[in-house]
Each structure stands twice: as C-alpha cells, then as structure tokens.
Amino acid sequence: MESFTEDHSKALLAKEWLVKVDSQTSTPYLFKFFCSSVDLIACVLVTDTKAAWAEVLTSNQFARRWRTCNKLSISPLPDTNEEESWRDHHLALIGRAHSLGGFLGLTLELEKPASGDLALQLECNNWKWRWEPTFLGPRLSAEIISKHLIMPLISVNHLAFSSSDVLGDLAPGDLEKATDKVGRTARRTLDTHIKNALSRPRVATTLQRMTAMFNFLPELPAIITDAGISDLRALTADQISSPKITVRDTEHKPHDYDMTPLQEPTPPKLPQQEDSATESESEGAAPKQRTLLTSPTPSHQLRVSERPPSASLSKDSSPALPGRSRSRTEAPASESDPSLVRPNKKLKPQGSDDDDSEEERKRHAAAIKSGAAAKRGTRQPLKRGGKRF
C-alpha cells in the first residue's frame, strides 16, 4: 500500500464529499474517492470531522482486495490483456459507486481492521468492498480538513449571506457564476475574505446561536444585525479618582490603653527634716521642681509636671528637748532611678519668730510675778533670738 502524498491530496480537491453513517455508533463518515485508469490506482480519504484517514491502492492491491472481499480466486487471469481489462472494469465500478448517485445504494459497516487503523465495508447487491485506511496524524489531518472542508464552507456561507438572491432558487449557471466570483476573491486575499465572511454581525451571531443550540446550552444568544461601536477608551490618571477620606476614617479609634485614665505615680513618703532650736528663722523660697512622671501608656512618654514654689519654712512652735535635737535627715533619692520623685518640703506655719519669742517672754514674766506654780512637765528652754548660720 502506497503512502498518501500531496499529489493525492490535490487530486481529491476536485472530488465531492460523500457521507455515510455507521448504524452501530451513529458516527457520520465523509468520503472522497479518486481513481485513475492510467496509473491504475484507487485513493480514498475518510474523516469524521475530527481526524482523517487515507488509503492508496495500486493495481495489484486493488485486484487482490476485490477477489478477497468477494471470495474469488486470488490468482490473476492467465491472459494479461484480460486481466487488465478486468481490473479496469471493476475500478470503474468502484468509481461509479463512490459518486453522489451511486453512494446512496451502498450500506456501510464498521469492522475490525486487519492491517489499517480503520475498516469500512461497503456492500451492494452482488458485491462487497472494504477500505482499510490509516490515520494521517493530527497535523496532516487538521491541514486536510481545513483545506478540503472548513475553508470551502466559510466561502459558501459568505456567499449565502452576502447574496441578495436565495441560493436555492438560482439556476445552476447563475449559482456557478456567483460561486466563481466569491472563490476568485477569496483566492486573491484569503485573510481579508475570512475577515469579511465572519465579521458581519448577522453571520457571527447566527454561527454563535447555532453553536450554542448544537451543544445544548440553556441560554441561547440573540442574533443581531448591528453590533454598534464599543467605548474602548481607558481611564487616564486624572480620571481615576482617589478614595475619599471621611472624618470617621481620620478620627483616632481609642484602644484599651487609651481608655485608662492618666494617673501620676504617688511619690514615696520620705522622712521630713525638721528644724532644730538653732535653725534659722527664715529661709528662702524653695525653687520650682520639675518631676518626670512615667506615663502608664504603652508609648512610655514622659510628662513634665510643675510644682508650685513652697512657702518659707519656720521654726517649730514647740520647744525642743534639752540636750537633744529632734532633727531628722532626709533619705537621699537615687538620681539614677527616674521613678523615685523628690517630695516637696512641708510648709511651715506662717508667722514671725520674733513675735513668738516676745509672747513667750511676756507669758513667763507674768507667771513669775503672779507667783503661780509653774506647769509640771518637761522643762523647755527659753527661746531667745534665733541664731543665723
């Protein structure tokens, strides 16, 4: 069996498509047949619109296939001329059978292939024939289906939609002229022809609806005649509006730590230094103190608080014990620890030390003159003029 070549494909371009349906699988098969009495070859092209198969038989192969299918003697006739005449007759018979009128009288059966990839048996009243084509491969199959079937169908579809007359009502001569005109245009500029044939809204939407209907889609697209012009302008940078920022977005949302009221840490209570009997009457005002408070917030911000100046300190009105001093020293705060805060000095009662001393002397002198008994208790030394340091 010879291989299928480009010459065989060109020879099949002028042949019509013949259709047979396999009754077992309900698969339609399209046939194209070519035979030559000069070369004594028979060629067939078969497709199911998805793949393509082909077979080329020489004169000897054809004679052997016929005798095998019809259970005849495989041996050729003794006379060479009679054998050639017999082969020409049966080859013409197969050619007449593969025509529009003769193919209708044949029945098709799909059988198990013996040597090829596909086995198709055609049966007539008193004879049988069997094709065993081989698969041409995906690339060659697609090329053959496009050249022999798809492109001619697109051109015929364009002719049907562009013609003002109904093609079914045209005379054969007028239909031939219209077909030749469309074919010549398509042959010159194939790309423009396909664009014009499928870009029309009526054709495109009809093909779209037919595809949806053929594949059982629930929603069928509508057929339109005017597609209009779509707005394809993209948004510029000026037209893209930035997202609007509302007042609610800018408001600070309180957290858990923000809801806690700010509290100043209580400074540690340190012993206060009191004035002795020999302490100065008056001292200058204490300077302002700035205390760094540690904020309880997680940000650990330092807040500065001012203390009002303390009033001048005065002597204790009660007399001190003799020979003893009730002065106490203040514990020094650690300078390296910022959490310890130096407390403010206690304000002493306002008044002049001189007035207190004068009243005390007058009271003591009056008690001596009156001869009244002195109050019992711890004897307190008399306060005289305060010494200055």
Side-chain angles (χ1 to χ4, degrees), residues 1-36 41-58 61-71 90-157 207 210-211 213-216:
M1 184 176 60
E2 294 185 0
S3 59
F4 185 81
T5 61
E6 185 69 22
D7 295 336
H8 298 139
S9 177
K10 290 181 179 179
L12 291 171
L13 288 173
K15 301 300 178 177
E16 67 275 16
W17 282 105
L18 306 173
V19 182
K20 278 295 178 181
V21 179
D22 179 24
S23 59
Q24 297 179 359
T25 60
S26 300
T27 303
Y29 288 97
L30 283 69
F31 293 79
K32 269 192 174 187
F33 174 77
F34 165 76
C35 63
S36 173
I41 61 172
C43 177
V44 68
L45 175 65
V46 184
T47 180
D48 60 349
T49 68
K50 300 176 182 178
W53 299 265
E55 185 180 19
V56 179
L57 297 177
T58 61
Q61 292 171 345
F62 174 79
R64 190 181 301 111
R65 177 77 58 84
W66 179 271
R67 289 185 170 100
T68 302
C69 291
N70 293 279
K71 297 179 180 181
H90 288 87
L91 187 59
L93 178 61
I94 293 296
R96 291 194 302 268
H98 288 80
S99 62
L100 290 174
F103 209 68
L104 297 176
L106 302 178
T107 58
L108 175 66
E109 290 184 7
L110 190 64
E111 296 183 355
K112 184 178 180 180
S115 58
D117 298 325
L118 191 65
L120 301 170
Q121 181 169 325
L122 301 174
E123 185 175 354
C124 193
N125 294 332
N126 57 355
W127 59 269
K128 295 179 180 180
W129 179 252
R130 180 186 178 95
W131 290 111
E132 294 184 0
T134 57
F135 180 54
L136 297 178
R139 183 174 181 179
L140 186 57
S141 297
E143 182 180 350
I144 289 176
I145 293 174
S146 175
K147 184 183 294 184
H148 288 259
L149 185 62
I150 295 178
M151 294 304 301
L153 282 179
I154 292 177
S155 300
V156 172
N157 180 75
L207 184 62
M210 182 60 70
T211 305
M213 175 65 73
F214 191 79
N215 292 276
F216 303 98

Discussion item. Using a 3.5 Å distance criterion without hydrogens, assess whether the side chain of Arg130 forms a donor-acceptor pair with backbone atoms of Ala119.
Written reply: no
Response to the item:
When every non-hydrogen atom of Ile41 is compared with those of Thr58, the smallest separation belongs to CG2-CA, 4.3 Å
Worksheet entry | Atom pair CG/CG of Leu153 and Asn157 - distance to nearest 0.5 Å | 8.5 Å
Practice prompt. For the pair Asp48 (side chain) and Ala51 (backbone), establish whether a donor and an acceptor sit closer than 3.5 Å, ignoring hydrogens and angles.
Written response: yes
Response to the item:
Taken to the nearest 0.5 Å, the spacing of Lys20 NZ from Leu122 CG works out to 8.0 Å
Item to complete: Could you tell me the separation between the CD1 atom of Ile154 and the CG atom of Leu149, rounded to the nearest 0.5 Å?
Response: 10.0 Å
Discussion item. How long is the straight-line distance from OG1 of Thr47 back to NE2 of His148, given to the nearest 0.5 Å?
Written reply: 10.5 Å
Practice prompt. Can you sort out the partners of Glu123 under salt bridge (Lys or Arg N to Asp or Glu O under 4.0 Å), two or more places apart, ordered by chain and number?
Written response: none
Discussion item. Main chain of Gly95, side chain of Ser99: is a donor-acceptor contact present, judged purely on distance under 3.5 Å?
Written reply: no
Response to the item:
Correct closest heavy-atom pair for Leu91 and Ser36 would be CD2-O, 3.7 Å
Item to complete: Compare all side-chain heavy atoms of Trp131 with those of Phe33 and state whether any distance is below 4.5 angstrom.
Response: yes
Practice prompt. Side-chain contact test, heavy atoms from C-beta onward, threshold under 4.5 Å: evaluate it for Trp17 versus Leu45 and give yes or no.
Written response: yes
Fill in: Interatomic spacing from CD in Glu16 to CG in Leu30 - rounded to 0.5 Å
12.0 Å
Worksheet item: Side-chain contact, heavy-atom cut-off 4.5 Å: Glu55 with Gln61?
Response: no
Worksheet item: Quick one: are Cys43 and Leu12 in side-chain contact, heavy atoms under 4.5 Å?
Response: yes
Worksheet item: If every non-hydrogen atom of Trp53 is compared with every non-hydrogen atom of Pro133, which pair is closest and at what distance?
Response: CB-CB, 3.5 Å
Worksheet item: Quick one: are Leu100 and Leu18 in side-chain contact, heavy atoms under 4.5 Å?
Response: yes
Worksheet, complete the sentence: So CD of Gln121 and SG of Cys69: to nearest 0.5 Å the spacing works out to 6.5 Å
Discussion item. Please enumerate all residues that pass salt bridge (Lys or Arg N to Asp or Glu O under 4.0 Å) together with Lys128, with sequence neighbours excluded.
Written reply: none
Worksheet item: Are side-chain heavy atoms of Leu93 and Trp127 found at a separation under 4.5 Å?
Response: yes
Practice prompt. Look at the aromatic rings of Phe4 and His8 and report parallel, tilted or perpendicular, splitting at 30° and 60°.
Written response: tilted
Worksheet entry | Short side-chain to backbone donor-acceptor contact, Glu132 and Pro113, under 3.5 Å | no
Discussion item. Quick check: do Leu106 and Trp129 have side-chain heavy atoms less than 4.5 Å from each other?
Written reply: no
Practice prompt. Could you check whether the rings of His98 and Phe103 sit parallel, tilted or perpendicular, using 30° and 60° as the cut-offs?
Written response: tilted
Discussion item. Checking Ile145 against Ile150 for the side-chain contact (heavy atoms from CB on, under 4.5 Å) test, could you report, in this order, the C-alpha distance in whole Å, the side-chain angles of both residues, the deciding distance, and whether it holds?
Written reply: CA-CA 6 Å; Ile145 293 174; Ile150 295 178; 4.1 Å; yes
Worksheet item: Is the closest side-chain heavy-atom distance between Leu110 and Leu118 below 4.5 Å?
Response: yes
Worksheet item: Are any side-chain N or O atoms of Ser146 and backbone N or O atoms of Ala142, one a donor and one an acceptor, separated by less than 3.5 Å?
Response: no
